[in-house]
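Heads up, the thing below is written out as structure tokens.
To find a chain, count down the sequence lines: A is the first, B the second, and so on, and within it residues start at 1.
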2 protein chains.
Amino acid sequence: MSEAISIAETLEPPYYAVIFTSVRTHVDDDYPEMAKRMLELAREQPGFLGVESVRENGLGVTVSYWASEDAIGQWKQNLEHREAQSRGQSEWYSQYKVRVARVERDYGFGNRHNTSVEPLA
Amino acid sequence: MSEAISIAETLEPPYYAVIFTSVRTHVDDDYPEMAKRMLELAREQPGFLGVESVRENGLGVTVSYWASEDAIGQWKQNLEHREAQSRGQSEWYSQYKVRVARVERDYGFGNRHNTSVEPLA
């Protein structure tokens, strides 16, 4: 998903992360379009904070960040997203795992304005 | 990190996830060796549950899973890991973010024996 090639600029914790780890099949029909569309659609959802998505050698990790568990529940039930989930199971993914997690703390290094730097010492 | 090309087989929640998102510099000196070594070293730590690591177009997402926050704290303080963190800031990464999160629930689809499948309906 070339739209998500930077570190998400999330707010102060606590917030929520959905870690979606997946293994692709060799079926490509409509997959790039779906992936792009789901990213667009997620960005429109209430409570969406950001997303980081990478795939290498067939393994994909997409982490989306949300303001609340309720926001995650609503996104999961989104009709268009449900259709994608269904085709995901029948066509695009041989395996996936979804983990819903509460981000307790974060810290970083680098040039993002909202990244609090924690020294190593 | 070619050693982490499958979905981690974690236990029942709750457990912890460390989401490490990073942007690489163009400095490759010792980087592949460090990345491989850190993965080996992490696997030896008490409370380590698994890891998923992918990089695409310079953006990397590595999610490691841990039994407790204490296990995460000990790993962060590991001497060899601290040296890698230091070189990471000075050489290998232009930017990174670390998020420590408590996994509240998980579900999946596919052929892993420990993956609980949640139907879409």
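- In this structure, A/Arg99 and B/Val63 have side chains that are not in contact, with every pair of non-hydrogen atoms separated by 4.5 Å or more.
- With a 4.5 angstrom heavy-atom cutoff, B/Val98 touches chain A via backbone and side-chain atoms both.
- Heavy atoms closer than 4.5 Å to chain A are found nowhere in B/Phe20, neither backbone nor side chain.
- Closest heavy-atom contact between A/Thr21 and B/Tyr65: OG1-OH, 4.3 Å.
- B/Glu56 has its side chain out of reach of A/Glu56: every pair of non-hydrogen atoms, C-beta onward, lies at least 4.5 Å apart.
- Looking at every heavy atom in both residues, A/Ala101 comes nearest to B/Val103 through CB-CA, 3.8 Å.
- Contacts of A/Tyr15 with chain B are made by side-chain atoms alone, with heavy-atom separations under 4.5 Å and no backbone atom involved.
- For A/Phe109 against B/Tyr93, the heavy-atom pair with the smallest separation is CE2-O, 3.3 Å.
- Counting only distance, with no hydrogens or angles, the side chain of A/Glu104 and the backbone of B/Val100 share no donor-acceptor pair below 3.5 Å.
- Note: B/Glu52 CD to A/Leu59 CG = 6.5 Å, rounded to the nearest 0.5 Å.
- For the pair B/Lys76 and A/Tyr107, the cation-pi test (distance below 6.0 Å, angle within 45°) is passed.
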